[in-house]
Amino acid sequence: MLYNIHYEVSAIFFLLTVFAYLRRQELSDEEKSFQWLVFYCILANALDVATAFTISYAIHIPIFINMIFNSMYYTVAPLTAIYFYHYVVVSHRGSEKETPFFYINRLVSAAYFVLLFVNFFTGVMFMFSPEGEYLKGPLFLVGFYVPFYYVFYSAAVLIKNIKSYSRNSVVFVLTFVILLILGNILQLTIFKGVLFSFFCAALAIPLVLFGMETPDYKMLVKTRKELELAKDEAQKANEDKNIFLANMSHEIRTPINVVMGMDEMILQECKSSRIKEYAEEIENAANGLLSIINDILDISKIESGEIEIKPVSYEIADMVNYSYQMVKMSVKEKKLKFQAKCMEGIPRLLYGDEVRIRQILINLLTNAVKYTHEGSVSLDVSYEKKSEKELLLCLEVRDTGIGIREADIERLFLSFERMQQEENRKIEGTGLGLAITGQLVELMGGKIEVKSEVGKGSSFRVEILQGIQDSASARNFCIGTKSEDERRKNKYDIGLYAPQGKVLIVDDTFVNLKVVEGLLKATGLQIDMALSGRESVEKTLENKYHIIFMDHMMPGMNGIEAFKRITENEENPNHDTPIIMLTANAVSGAKEEYMDIGFKDYLSKPVSGKQLIEMLGKYLPMEVIERVDVY
Ligand code: ADP
């Protein structure tokens with residue numbers, strides 16, 4: 001029989017072109033196995049054509065030459081499939097891993113080649129009669145099963161890892177598999193005289209080439225992998241940064257606690273006005289340091305998506321008043337005029353994240369005061385009612401300060417960006433305030449607008465949607481009524497006297513114990529101290545306390561373990577004593593975590609006398625409080 005060889009001859013030329021194209025590229029390992037696939041496919045086509053001749057003219061050709069040609073064909077045909085398999089596995093895993101299938105696959109090829117060798121002498125697969133007739137042996141189909149086995153195995157690997165391929169590559173490669181199988185089936189069944197099984201494979205190869213091997217696509221995959229890697233690394237670095245910042249903030253807070261605590265005692269006890277002035281300078285500097293640490297911690301939490309918006313009901317007047325109190329001193333020191341205006345009829349009680357809105361307003365007011373040397377700072381609170389339940393709260397802070405260059409405005413909200421560094425060198429700042437402000441506004445779904453003119457002043461306008469809890473009009477904003485002396489008095493004078501009260505303070509740093517003890521001196525309380533978790537447990541077994549202040553991080557038994565030992569032991573006279581966490585861990589959400597464990601309340605270091613007194617006022621039993629002084 002004369003075979004039709006046109007298809008496979010054209011396939012050879014076509015594949016040679018593809019091969020030449022690949023030879024010009026610099027190839028990776030997986031691309032090299034693709035090149036081998038093309039090479040074996042060319043060889044398979046060529047041998048298919050050659051055997052078509054030797055079988056057709058078998059009568060004129062010695063049998064052993066025919067056997068050699070056919071055996072070569074039966075060697076190359078599965079090798080094509082094996083290289084396809086190799087290509088798929090390598091492109092998926094980077095190398096052929098030694099899985100159980102690795103050995104099975106090797107065994108299949110070894111057994112096949114042994115069979116081919118045995119066939120030479122036995123004709124179990126095929127042979128030629130002395131008349132030159134091509135005879136199929138009982139194992140003839142093994143020559144097809146083995147390549148199919150590899151093609152199916154590769155298809156299975158592809159399907160199993162379908163997620164790591166793009167949809168295109170999967171479609172192309174599966175089309176390759178289908179074409180290959182279809183070509184073989186058609187040639188074996190319907191078109192017995194036409195050679196096109198390897199023609200189909202040759203047709204399918206460009207599909208793989210365009211689907212997986214074209215340089216653009218490869219570049220895309222490579223870039224995507226690199227991007228993913230870079231993203232992972234950046235995420236890891238960011239997590240490390242956050243852990244570092246949380247630790248740093250914790251470590252710095254501890255000494256600041258001592259500085260501020262001791263300083264507060266000087267302010268309380270010292271009669272010399274000069275020393276009081278020094279102490280006030282220390283207080284200002286320590287507050288500045290604390291606000292920098294808080295800003296750094298805030299920005300890192302915002303960036304890592306840890307900040308949640310927690311809406312509560314709040315009085316708009318209180319919020320504005322509180323924010324003003326924060327800048328009042330500087331307004332006075334700089335002899336600026338301060339005006340606050342509130343739109344009439346603004347609902348009294350709103351619903352939103354008061355803490356964050358306050359933080360935004362304080363940041364804007366602080367900047368307005370900081371960057372204004374003369375003139376005025378004004379605050380406009382207005383609103384636009386959206387429905388019975390919602391309004392758009394607008395806070396506008398205007399100043400007559402140095403202004404911002406137009407080109408700088410878009411950089412304002414980036415972290416650590418400070419404008420006009422030369423002129424502003426003397427003004428302290430980190431460039432974080434507006435970054436935090438901008439991100440908080442965004443987090444609350446609001447918007448912020450800046451208008452500014454150099455030398456004339458700036459205006460920052462924030463709009464945020466808030467709920468309405470009580471639509472009765474807010475009271476007049478009484479801004480700036482207390483004098484400086486009154487402020488100091490409120491801050492330092494102790495308003496509670498309870499000599500019958502017994503308090504235990506637990507901290508592994510002695511000087512911290514001294515600070516709290518000093519701050520509580522005027523209360524007359526009976527104060528016990530423990531320098532470790534273990535000691536605190538022992539002390540609680542011996543004495544009954546009214547309140548326990550417990551540090552968290554302590555070597556050996558930490559504050560939480562000590563808390564559990566105390567509260568879980570029914571025999572302990574203090575198992576129901578209010579225990580208050582007093583820690584340098586100021587990460588947002590820390591309070592909730594401690595309270596979930598069972599702590600009655602939470603204070604973060606540095607702690608002030610006022611905060612301690614407030615806690616005592618809340619948790620000391622009424623019968624031990626002898627006197628509450630209201631100043
Ligand atoms: P910081 O004040 O700590 O430097 P901010 O993020 O609060 O950081 O502000 C970033 C920069 O924007 C400031 O350094 C300042 O140059 C400029 N800026 C902010 N508010 C004003 C303002 N009201 N008037 C003039 N410049 C301002």
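Along the sequence shown, residues are numbered consecutively beginning with 1. Indexing begins at 1, ligand by ligand and atom by atom, following the structure's order.
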Above 12 or not: heavy atoms from other molecules or residues under 6.0 Å from CZ of Arg358?
-> yes
To atom 7 (O) of ligand 1, the nearest of Thr366, Ile409, Asp295, Asn367 on a heavy-atom basis is Asn367
Of all the heavy atoms in Gly401, does at least one lie under 4.0 Å from an atom in ligand 1?
-> no
Chi angles and distances behind the side-chain hydrogen bond (donor to acceptor under 3.5 Å, both in side chains) call for Asn512, Asp551 = CA-CA 10 Å; Asn512 279 341; Asp551 184 21; 5.6 Å; no
Which atoms of ligand 1 are found less than 4.0 Å from any heavy atom of Leu412?
-> 12 (O), 17 (C)
At under 4.0 Å between heavy atoms, what of Val397 touches ligand 1? The answer is neither
side-chain contact (heavy atoms from CB on, under 4.5 Å) filter on Arg461, not counting sequence neighbours, yields Cys394, Glu396, Glu449, Glu463
Geometric N/O contact Gly431 with ligand 1, under 3.5 angstrom | yes
Do Gln466 and Tyr314 have a side chain donor and acceptor closer than 3.5 Å?
-> yes
Min heavy-atom dist Phe460 to ligand 1 below 4.0 Å | yes
Is there a side-chain hydrogen bond (donor to acceptor under 3.5 Å, both in side chains) between Tyr371 and Asp399 once you walk through the steps?
-> CA-CA 8 Å; Tyr371 297 104; Asp399 63 58; over 6 Å; no
Ion pair present between Glu228 and Lys225, side-chain N to carboxylate O less than 4.0 angstrom?
-> no
Got a sec, which residues hit ring pair (Phe, Tyr, Trp, His ring centres under 6.0 Å) with His552, two or more places apart in sequence or on another chain?
-> Tyr594
Taking only heavy atoms of Leu432, which atoms of ligand 1 are found under 4.0 Å from at least one of them?
-> 6 (O), 8 (O)
Ligand 1 and Gly433, any nitrogen or oxygen pair closer than 3.5 angstrom?
-> yes
With atoms numbered from 1 as shown, which atoms in ligand 1 lie under 4.0 angstrom from a non-hydrogen atom of Lys370?
-> 1 (P), 2 (O), 3 (O)
Considering only heavy atoms, does Ile404 approach ligand 1 within less than 4.0 Å through its side chain, its backbone, both, or neither?
-> side chain
